[in-house]
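In what follows, a single structure is set out as structure tokens and then discussed.
When reading the values below, keep in mind they use all heavy atoms of this one structure, side chains included, and skip hydrogens, waters and symmetry mates. Each chain gets a letter, A, B and so on, in the order its sequence line appears, and its residues count up from 1.
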Amino acid sequence: MRIPIKEVTPETAQAEVIGWVHEVRDLGGLTFFLIRDRTGILQVTIPKKKVGEEVLATVREVSKESLVRVRGSVKAIEKAPGGRELVPESFELLARSESPLPLDVVEKVPADLDTRLDARFLDARRPRVTAIFQIRSAVIRTVYDYLFARDFVNITTPKVVAAATEGGTELFPIAYFEKEAFLNQSPQLYKQMMMAAGFERVFEIGPIFRAEEHNTTKHLNEATSIDIEVSFADHRDVMELLEDLILHIYHTVQDRCAGPLEVLDIGELTIPDTPFDRLPYPDAIEMAAGATGEAIAYGDDIGTIAEKAIGEMIGSHYFITDWPTSIKPYYAMPYDDDPTVCKAFDLMHPRMELSSGAARVHQHDLLVRQIRAKGLSPENFEFYLAPFRYGMPPHAGWGLGAERLVMTMLGLGNIREAVLFPRDRHRLTP
RNA sequence: GCCCAGGUAGUGUAGUGGCCCAUCAUGUCGGCCUGUCACGCCGACGACUCGGAUUCGAAUUCCGACCUGGGCGCCA
């Protein structure tokens, strides 16, 4: 019976494992194999004079990264990694690996990210990469657990759509029979429509597509968005939910991912303090001006340099609130007493934006006016506007970038490290 | 979209006009080695993105193409 490598302990008597040949050290009369599966690495020691001829014959055939099944007795040996080693009675080659390898799994020689992504299946055999995706999986699971526990309904909305959500961002056009269609940039309109349906609390974790030709370490053309929408809530409510969720994710990863964190040389995650600072937009641009010496006009976006300067000063997660209505989407709710300011917010990590959200406009006529004010045509949004005429509750929500969350949590240098098969300006395969 | 940088063995690199039929490491192959843990030692194999130009001579300079990385704008 095959067991995971991490279950082979110094106390184990007999074991059978299946894994990839991580490394071979042939000392002549004695050969050491390191066999790796997703749970760890086991040393297999072959004293050539003491093992059978069949074992020796197979050992000669084996190349690095071949898949092997090894069965034998386990010995507690202090010198061996993990304090134990396996001496094989049988050693089978299940699938031979070609050589040379497209990249060095053991990482004696580093590989460029581009080379690694070309051979992602091999790259992902590296314990570091495996660890990142184990943690990413834990993050996503935590989000599901957290939201289900709070009565959220999971929904799935179309990724093939007829019209842009917000104007602004470029969309990928696709051929949809005789019609023009696009890949969705956000589930925004659909999750709002489900507020009209009375679902009250919905969430979706799914792909979003942006056709922007950016070429940076924090942008993807296909990303994963964690999106929620809540009825009878305002921006303050969903900001609290967001910071609590972030905190909960950090704690859960810290508790449940000790192994992967150790592989990544992260002993302790730096768990952010809550509540996060709420920094109104006017204060944010003032801070940025003070730090960079470059004034930002009210109504201008906060650029990357300003964003980094503020991030350095605050040093932790923070919200930027009370944005000018002019630079936020039409669905962000303006304040009653000053409609030039809206109830939108961005959640920032010192390195980059993680999330943006808002209390939404739920009044049909106001929404139409705001769509027009952005230079868009309400006629193109009729499917979206109709629900606002039939009892739309007040609501609020946000979208959180899953890759950016993982990236900032683990201190990854490039967002592509947080996706198995990234889609960027130049990469469409694998 | 704008700007900058770069393409040298399977992988990562050195090399800024002749010292380069190209450095080092890793890898692969062969040999030696019974406690390695980046095992060690000996030997071999393997590369200048493509096209054009300048020059006595180009990996090196220039032009074009293709590919890549990064910054910015914008955004999650």
Query raised in the report: Between the side chains of A:N184 and A:Y190, does any donor sit under 3.5 Å from an acceptor?
Result: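 The criterion, which ignores hydrogens and geometry beyond distance, is not satisfied for A:Y190 and A:N184.
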Under 4.0 angstrom, heavy atoms only, what part of the nucleic acid is [X] near: base, sugar-phosphate, or nothing?
{"X": "A:A111", "value": "sugar-phosphate"}
{"X": "A:E85", "value": "base"}
{"X": "A:N215", "value": "base"}
{"X": "A:Q43", "value": "base"}
{"X": "A:I77", "value": "base"}
{"X": "A:T115", "value": "sugar-phosphate"}
{"X": "A:P102", "value": "sugar-phosphate"}
{"X": "A:A402", "value": "nothing"}
{"X": "A:R425", "value": "nothing"}
{"X": "A:D301", "value": "sugar-phosphate"}
{"X": "A:L220", "value": "base"}
{"X": "A:E222", "value": "nothing"}

Watson-Crick or G-U wobble mate for [N], both contacts under 3.5 Å:
{"N": "B:rG51", "result": "B:rC63"}
{"N": "B:rG69", "result": "B:rC4"}
{"N": "B:rG12", "result": "B:rC24"}
{"N": "B:rC32", "result": "B:rG40"}

Rounded to whole angstrom units, what separation is found between the [atom1] atom of [X] and the [atom2] atom of [N]?
{"X": "A:W398", "N": "B:rC75", "atom1": "CH2", "atom2": "P", "result": "20 Å"}
{"X": "A:Q188", "N": "B:rA76", "atom1": "CD", "atom2": "C1'", "result": "12 Å"}
{"X": "A:R36", "N": "B:rA38", "atom1": "CZ", "atom2": "C1'", "result": "16 Å"}
{"X": "A:R351", "N": "B:rG71", "atom1": "CZ", "atom2": "P", "result": "10 Å"}
{"X": "A:D112", "N": "B:rG70", "atom1": "CG", "atom2": "C1'", "result": "13 Å"}
{"X": "A:L354", "N": "B:rA76", "atom1": "CG", "atom2": "C1'", "result": "8 Å"}
{"X": "A:F33", "N": "B:rU36", "atom1": "CZ", "atom2": "C1'", "result": "13 Å"}
{"X": "A:E98", "N": "B:rU11", "atom1": "CD", "atom2": "C1'", "result": "16 Å"}

Query raised in the report: Do the ring planes of A:Y281 and A:Y298 sit parallel (below 30°), tilted (30 to 60°) or perpendicular (above 60°)?
Result: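 Ring orientation of A:Y281 relative to A:Y298: perpendicular.
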Query raised in the report: Taking the six-membered ring for Trp, are A:Y144 and A:F203 parallel (under 30°), tilted (30 to 60°) or perpendicular (over 60°)?
Result: perpendicular
Tell me whether the side-chain N or O atoms of [X] pair up with the base of [N] as donor and acceptor below 3.5 Å, since no angle test is needed here.
{"X": "A:R404", "N": "B:rC75", "value": "yes"}
{"X": "A:H219", "N": "B:rC75", "value": "yes"}
{"X": "A:E213", "N": "B:rG73", "value": "no"}

Under 4.0 angstrom between [X] side-chain N/O and [N] OP1 or OP2:
{"X": "A:K308", "N": "B:rC72", "result": "yes"}
{"X": "A:R416", "N": "B:rG70", "result": "yes"}
{"X": "A:H214", "N": "B:rC74", "result": "no"}
{"X": "A:N414", "N": "B:rG70", "result": "yes"}
{"X": "A:T224", "N": "B:rA76", "result": "no"}
{"X": "A:S356", "N": "B:rA76", "result": "yes"}
{"X": "A:K49", "N": "B:rU34", "result": "no"}
{"X": "A:T217", "N": "B:rG70", "result": "no"}
{"X": "A:T45", "N": "B:rU36", "result": "no"}

Distance between the [atom1] atoms of [N] and [M], in whole angstroms?
{"N": "B:rC20", "M": "B:rG57", "atom1": "C1'", "value": "13 Å"}
{"N": "B:rG15", "M": "B:rU23", "atom1": "C1'", "value": "7 Å"}
{"N": "B:rG12", "M": "B:rU68", "atom1": "P", "value": "15 Å"}
{"N": "B:rU61", "M": "B:rU16", "atom1": "C1'", "value": "9 Å"}
{"N": "B:rC66", "M": "B:rG27", "atom1": "P", "value": "38 Å"}
{"N": "B:rU28", "M": "B:rC63", "atom1": "C1'", "value": "40 Å"}
{"N": "B:rU8", "M": "B:rC4", "atom1": "C1'", "value": "22 Å"}
{"N": "B:rA25", "M": "B:rC41", "atom1": "P", "value": "10 Å"}

Requested in this report: Look up atom CD1 in A:I249 and atom OH in A:Y146, then write down how far apart they are to the nearest 0.5 Å.
Outcome: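 Nearest 0.5 Å value for the CD1-OH distance: 9.0 Å.
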Report summary line: CE (A:M409) and OH (A:Y250) are apart, to the nearest 0.5 Å, by 6.0 Å
Query raised in the report: Between A:R201 (side chain) and A:R150 (backbone), is there a donor-acceptor pair under 3.5 Å?
Result: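 The answer is yes, because a donor-acceptor pair under 3.5 Å joins these two groups.
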**Report entry** Backbone N/O of A:G206 and side chain of A:S225: donor-acceptor pair under 3.5 Å
**Finding:**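 No, because the side chain of A:S225 does not come within donor-acceptor range (under 3.5 Å) of the backbone of A:G206.
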Query raised in the report: Would A:E23 and A:K64 pass as an ion pair if we require N to O under 4.0 Å?
Result: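 Answer for the salt bridge query: no.
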**Report entry** Short N-O contact, A:D145 and A:R141, less than 4.0 angstrom
**Finding:**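 A:R141 and A:D145: salt-bridged.
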Name the closest nucleotide to the [X] side chain, picking from [options].
{"X": "A:A80", "options": "B:rA76, B:rG35, B:rG27", "answer": "B:rG35"}
{"X": "A:K218", "options": "B:rU11, B:rU36, B:rC74", "answer": "B:rC74"}
{"X": "A:T216", "options": "B:rA76, B:rG35, B:rC72", "answer": "B:rC72"}

